[in-house]
Amino acid sequence: MVLAAFLWGSTFVAQIEGNDVGPFAFVCMRNFIATGVLFGLAKVLDKFNKSPRKPKTKEENRALWKAGLFCGLTLFFAMNLQQTGLFLGCSAGKAGFLTACYIIFVPILSTFFGKKISPKIWLCVAITLEGLYLLCIKEDFTIQPSDIILLLCALAFAAHILVVGKYGPYMDNVRLSAIQFLVVATLSIFPMFFVDLKGSFAGFGTVIEVYSHFKPWIPLLYAAILSSGVAFTLQIVAQNKLRPTIASLLMSLESVFSVISGWVMLGERFTLQEAIGCVLMFTAVILAQVNIKRKGDSRLSPSSEDRHRE
């Protein structure tokens with residue numbers, strides 16, 4: 001999950017640079033590429049007998065596509081809302097903070113499904129939120145239309161985390177990931193055509209012109225293969241052993257990695273405020289995994305419970 005967070009954190013720049021043809025077009029193409037890569041990977045794994053959860057009956061295949069449909073629907077809203085917020089001019093740092101607000105929405109939504117959230121986890125969520133603010137917000141915090149869109153994106157990502165937590169442990173993870181991207185890509189065709197291309201088939205000429213050059217392919221392929229194909233598949237695999245709330249805390253580290261990547265690779269300045277924010281977030285993640293119990297208390301830690309659940 002931490003590796004997935006690293007890949008997501010390093011993709012914000014690619015998402016901003018990929019908005020030349022519009023947010024929905026970028027999401028559509030990104031996910032069609034990821035779909036092809038993952039279905040191809042599934043076939044390779046089949047040849048080496050590395051797909052133990054491959055559906056063997058029609059009922060199992062229907063269950064897989066049903067799970068992929070639900071995962072894809074939530075991810076469709078999450079990815080397109082995030083890309084639209086960036087397209088409307090929200091800075092990468094602020095977008096990272098608002099998107100990572102799913103750490104609040106996940107435990108809140110979990111309570112509606114009868115799941116109890118311990119006080120320690122709520123404390124970790126509060127510490128992480130404070131760390132996110134210090135890490136991402138460098139200017140006066142004002143609410144813009146793009147901010148509201150990104151908060152809705154965070155809500156959609158929270159729903160996606162919960163849906164993956166429900167279906168992921170029982171499905172072929174690579175195929176589930178491929179199906180969810182196919183759903184995202186297919187549904188994105190409609191807003192791409194009516195919004196990005198203004199309802200005109202002539203708009204496809206603009207897309208072809210943009211991608212007739214090499215440079216626009218770099219952010220597209222990075223987002224498609226590493227962020228979508230690899231990171232979201234890692235999320236599904238990792239959530240086989242993690243509670244959704246713990247998973248959301250780990251995923252929020254994408255903001256930390258986005259700042260560190262900019263500092264190391266782009267020479268961006270790493271301030272004391274950002275360093276404190278990173279320390280707070282790492283502290284919260286570690287605290288969430290530590291088993292705090294009184295003497296004689298034999299309860300399992302959250303991570304141990306996750307490993308032993310059915």
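These numbers come from the heavy atoms of this one structure, side chains and all, not from hydrogens, waters or symmetry mates.
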Tell me if a side-chain donor or acceptor on N61 pairs with a main-chain N or O of K56 at a distance below 3.5 Å.
no

**Prompt:** Less than 4.5 Å apart, any side-chain heavy atom of L250 and any of L242?
**Reply:** yes

message: Assess the residue pair F32 and F181 against the criterion (side chain to side chain contact (heavy atoms under 4.5 Å, CB included)); give the C-alpha distance rounded to whole Å, side-chain angles, the decisive distance to 0.1 Å, and a yes or no.
response: CA-CA 7 Å; F32 269 127; F181 293 135; over 6 Å; no

CE of M29 to CD1 of I189, rounded to nearest 0.5 Å, is 11.5 Å

* Residue F77 excluded, over 12 heavy atoms near CZ under 6.0 Å -> no

Notebook entry, point to check: Judged by atom type as modelled, is there a donor-acceptor pair below 3.5 Å linking the side chain of S252 to the main-chain atoms of L249?
Noted result: yes

Self-check item: Plane angle bin for F70 and Y167 - parallel if under 30°, tilted between 30 and 60°, otherwise perpendicular
Solution: parallel

Q | Side-chain heavy atoms of R175 within contact of P55, under 4.5 Å | A | yes

Next on the checklist: Keeping N80 on the side-chain end and F24 on the backbone end, is there a donor-acceptor pair under 3.5 Å?
Outcome noted: no

Checking L132, L81, L86, L150 against T99 for side-chain contact (heavy atoms from CB on, under 4.5 Å), the one that qualifies is L150

Residues passing the side chain to side chain contact (heavy atoms under 4.5 Å, CB included) test with A158, sequence neighbours excluded, are Y102, F105, V106, L109

Worksheet item: Is there a path of hydrophobic side-chain contacts, each under 4.5 Å between heavy atoms of I, L, V, M, F, W or Y residues, that connects Y133 with V279?
Response: no

Between the CD atom in Q239 and the CE atom in M251, the distance rounded to the nearest 0.5 Å is 6.5 Å

Side-chain heavy atoms under 4.5 angstrom apart, residues restricted to Ile, Leu, Val, Met, Phe, Trp, Tyr: same cluster for I161 and I117?
yes

Problem - I179 and L69, any side-chain heavy atoms less than 4.5 Å apart - result: no

- Test side chain to side chain contact (heavy atoms under 4.5 Å, CB included) on Q180 and H160 and set out the steps. CA-CA 10 Å; Q180 73 171 356; H160 180 255; 2.9 Å; yes

Value for OG (S10) from OH (Y222), rounded to nearest 0.5 Å, stands at 2.5 Å

With M79 as partner, the option from C153, S228, S227, S188 fulfilling side-chain contact (heavy atoms from CB on, under 4.5 Å) is S228

Separation between CZ (F190) and OG1 (T186), nearest 0.5 Å, reads 8.0 Å

Short question: side chain of S51, backbone of R53 - any donor-acceptor pair under 3.5 Å? no

Worked verdict on T128 versus L280 for side chain to side chain contact (heavy atoms under 4.5 Å, CB included): CA-CA 6 Å; T128 303; L280 284 175; over 6 Å; no

_Taking V174's backbone N and O only, do any of them form a donor-acceptor pair with S177's side chain (distance below 3.5 Å, no angle check)?_
no

One should read off an interatomic distance between Q15 CD and F87 CZ, to the nearest 0.5 angstrom, of 14.0 Å

Run the side-chain donor-acceptor check on residues 33-43: report pairs under 3.5 Å with partners two or more places apart or on a different chain.
unit_1: T35; atom_1: OG1; unit_2: N31; atom_2: O; d: 2.7
unit_1: T35; atom_1: OG1; unit_2: L182; atom_2: N; d: 3.1

Practice problem: Show the numbers, then the answer: is there a side chain to side chain contact (heavy atoms under 4.5 Å, CB included) between W8 and F232? | Solution: CA-CA 9 Å; W8 286 324; F232 278 102; 3.3 Å; yes

By side chain to side chain donor-acceptor pair (under 3.5 Å), T84 pairs with (sequence neighbours left out) none

The reported gap from CG in D46 to NZ in K54 (rounded to nearest 0.5 angstrom) is 4.0 Å

Hey, is the main chain of L220 close enough, under 3.5 Å, to the side chain of R30 for a donor-acceptor pair? no

Backbone of E60 reached by a side-chain donor or acceptor of T57 within 3.5 Å: yes

- Query: Shared ILVMFWY cluster between V237 and M1, side chains joined below 4.5 angstrom?
  - Reply: no

Quick one: does W217's side chain have a donor or acceptor within less than 3.5 Å of a partner on Y211's backbone?
yes

On a heavy-atom basis, the closest approach of L98 and A154 is O-CB, 3.3 Å

| message | Is it the case that the side chain of T74 and the backbone of C71 share a donor-acceptor pair, with hydrogens and angles ignored and the cut-off at 3.5 Å? | response | yes

*Can you tell if the side chain of D196 reaches within under 4.5 Å of the side chain of V207, non-hydrogen atoms only?*
no

